[in-house]
Protein chains: 2
Amino acid sequence: MTLESRRPGRPKERILDRDRIAEAALAQIRSAGLSGMTMRALARRLKVSPSALYNHVPSRAAVLALLQERFAAGIDTSGFGSEPLREALSRWAWSYLTRLRERPELVPLIVAVPLAHTPYTSLVYQRVVAGFSAAHWPDESIIASLSVLETFIFGAALDSPTPEGVYEPRDPERSPLLARASAAFAATAAERGLPPGDLLFEIGLDALLTGMHQLWGATRRTRG
Amino acid sequence: MTLESRRPGRPKERILDRDRIAEAALAQIRSAGLSGMTMRALARRLKVSPSALYNHVPSRAAVLALLQERFAAGIDTSGFGSEPLREALSRWAWSYLTRLRERPELVPLIVAVPLAHTPYTSLVYQRVVAGFSAAHWPDESIIASLSVLETFIFGAALDSPTPEGVYEPRDPERSPLLARASAAFAATAAERGLPPGDLLFEIGLDALLTGMHQLWGATRRTRG
DNA sequence: ACCTGAACACCGTTCAAGT
DNA sequence: ACCTGAACACCGTTCAAGT
């Protein structure tokens, strides 16, 4: 596309910066999906020529990484150190899930570029480990507990956009057990006034934390 | 690209079919990633012109869906009905993980096109629900248990390609607890002769099944 | 320093023309 | 029925030319 509104050459005032680019990229993903976040579309949205972007950002991948970092920075890790472990973990997990639900357009992005190595990650790791340690969980169980939680949160976040009713059988006559279980689950969610996805997350987190506590939390190390 | 080896017009014998296309697509993803699986590259690999593919498959998305179905069909659900619930679930979970590890190139694909609506899924759902039901878990807990397991498996499968050593601190002096936990975990994996990812999956599955059992498995319904 | 616009080497998909 | 090849409307990225 040719821009008729601006002539070649450096403009009097700077049009772009990384912030504006990130903002526009988010809007673009929201309106056209990850694959619709093309450099050309981004440029169009910013009323700029595609090549202008490359003065601020080295590649499309870098734009996506920028969005990643901003996302990670929004996750609440404040519970670690100020609350009991289980509450802190729960706060962290819910915050992660909530942030991702606010921006479901980021889901494919989070998969493509895992959070594992952003600066936020190492901070969280240290805090979580300190929490387990203070609660006297055995050394060998700590990394596993952390990782298993992350895995579940990650999976839940990705599953979130799953349409409702996945568990309803197409032919209830032929799947009476599934139909009954599905109805019972829906009833519980309605009773508690929770979206099904929230109920699932709550239950899964509860099961995990309960299981981990049963396996390690109630035990003192036997060696030494 | 112009094919010099073949002239226009219908060839004497059929060159393509959906099977050959699926096979080549898998090879292409393996060698060039999901984004490298372009219709043109696929055609090149099959020594055919790109447009020839459209006689057998309506779109690139359909090629990917084809791979999905083949993947799903390879997951072992034979334990349901023939083994105790916990073993059947474990077999299913491990099979899913193993299949995906054999074809890590499918990970981005599984995310892009969730399994939730393939024919295999409803079969699994029915079997799992029947298992929980036979074990007298309360109706309201069944869908949640199933979903939570799926979520964990899904997350673990996606996390699998995570490089090792993510949990080792960059600066052990400043993160002594993390360093100690990390070493203890590695020692356990070595002791048991398991890859770290396998140990994590085993532990997570164990924690989940234990937690779920604690919450519902040991209880009789109190109503009615 | 920071923009434009042309250019290069790609895409997925359609369709007329061939056998 | 099932292939080719041209065409259409796209990509990401580079770079000379402009101010």
Side-chain angles (χ1 to χ4, degrees), chain A residues 1-25 27-29 31-68 108-109 112-113, chain B residues 1-26 28-29 31-68 108-109 112-113:
Chain A
M1 196 224 283
T2 301
L3 299 173
E4 284 141 39
S5 47
R6 206 180 298 114
R7 298 180 27 269
R10 184 191 188 193
K12 23 184 183 161
E13 40 187 314
R14 170 191 252 274
I15 303 170
L16 296 177
D17 57 49
R18 290 166 70 90
D19 258 32
R20 287 206 60 208
I21 291 175
E23 221 53 62
Q28 185 58 27
I29 294 181
S31 84
L34 186 58
S35 68
M37 207 301 283
T38 68
M39 295 301 267
R40 291 170 132 94
L42 186 54
R44 214 144 44 220
R45 187 177 282 271
L46 288 162
K47 294 180 198 291
V48 118
S49 92
S51 49
L53 297 168
Y54 291 85
N55 287 309
H56 301 270
V57 121
S59 66
R60 177 176 182 272
V63 175
L64 299 182
L66 201 61
L67 298 186
Q68 272 272 6
L109 176 60
V113 191
Chain B
M1 194 224 283
T2 300
L3 299 173
E4 283 141 39
S5 48
R6 205 179 301 117
R7 301 185 19 273
R10 182 189 190 193
K12 27 191 179 156
E13 42 188 313
R14 167 191 254 276
I15 302 170
L16 296 177
D17 57 47
R18 289 165 72 89
D19 259 32
R20 286 206 60 208
I21 291 175
E23 222 53 61
L26 208 55
Q28 185 59 26
I29 293 181
S31 83
L34 186 58
S35 67
M37 208 300 284
T38 68
M39 295 302 266
R40 292 169 132 94
L42 186 54
R44 214 144 45 218
R45 187 178 282 270
L46 288 161
K47 294 180 198 291
V48 117
S49 92
S51 50
L53 297 168
Y54 290 84
N55 287 309
H56 301 270
V57 122
S59 66
R60 178 176 181 270
V63 175
L64 300 182
L66 202 61
L67 298 186
Q68 271 273 6
L109 177 60
V113 191

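By convention in this document, chain letters (A, B, ...) are assigned in the order of the sequence lines, proteins followed by strands, and residues within each chain are numbered from 1. Only a predicted model underlies this, so the values are computations on that prediction, with no experimental measurement involved.
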(request) Tell me which of B/Ala41 and A/Glu13 sits closer to the 5' end of DNA chain C, going by the nucleotide each one is nearest to. (result) A/Glu13

Would you indicate which nucleotide in [options] comes nearest to any side-chain atom of [X]?
X	options	answer
A/Ser51	D/dC3, D/dG5, D/dC15	D/dC15
A/Thr38	C/dC3, D/dC11, D/dT4	D/dC11
A/His56	D/dC3, C/dT13, C/dC3	C/dC3
B/Arg40	D/dG12, D/dT4, C/dC11	C/dC11
B/Arg44	D/dC3, C/dC11, D/dT13	C/dC11
B/Ser49	D/dG5, D/dT13, C/dT4	D/dG5

Over how many whole Å does the gap from [X] atom [atom1] to [N] atom [atom2] extend?
X	N	atom1	atom2	result
B/Met39	D/dC3	CE	P	13 Å
A/Arg14	C/dT4	CZ	P	14 Å
B/Tyr54	D/dC2	OH	P	18 Å
A/Asp17	C/dA1	CG	P	17 Å
A/Ile21	C/dC2	CD1	P	11 Å
A/Leu34	D/dC11	CG	P	14 Å
B/Asn55	C/dA17	CG	C1'	14 Å
B/Leu53	C/dC15	CG	P	17 Å

pair [X]-[Y]: side-chain heavy atoms closer than 4.5 Å:
X	Y	value
B/Met37	B/Leu64	yes
B/Asn55	B/Arg14	no
A/Arg6	A/Val48	yes
A/Val57	A/Met39	yes

(message) Looking at every heavy atom in both A/Ala27 and A/Arg45, which two are closest together, and how far apart are they?
(response) CB-NH1, 3.5 Å

(request) Please report the shortest heavy-atom distance between B/Ser49 and B/Ala43, naming the atom on each side. (result) C-CB, 3.8 Å

(message) Show me the dot-bracket string of DNA chain D, counting Watson-Crick or G-U pairs under 3.5 Å, with | for pairs to another strand and [ ] for crossing ones.
(response) ||.|||||...|||||.||

(message) Would you say B/Arg6 places a side-chain N or O within less than 4.0 Å of OP1 or OP2 belonging to D/dC3?
(response) no

(request) May I ask you to verify if any side-chain N or O of A/Arg10 is less than 4.0 angstrom from the OP1 or OP2 atom of C/dA1? (result) no

(message) If I take atom CD1 from residue B/Ile15 and atom CG from residue B/Leu46, how far apart are they, to the nearest 0.5 angstrom?
(response) 9.5 Å

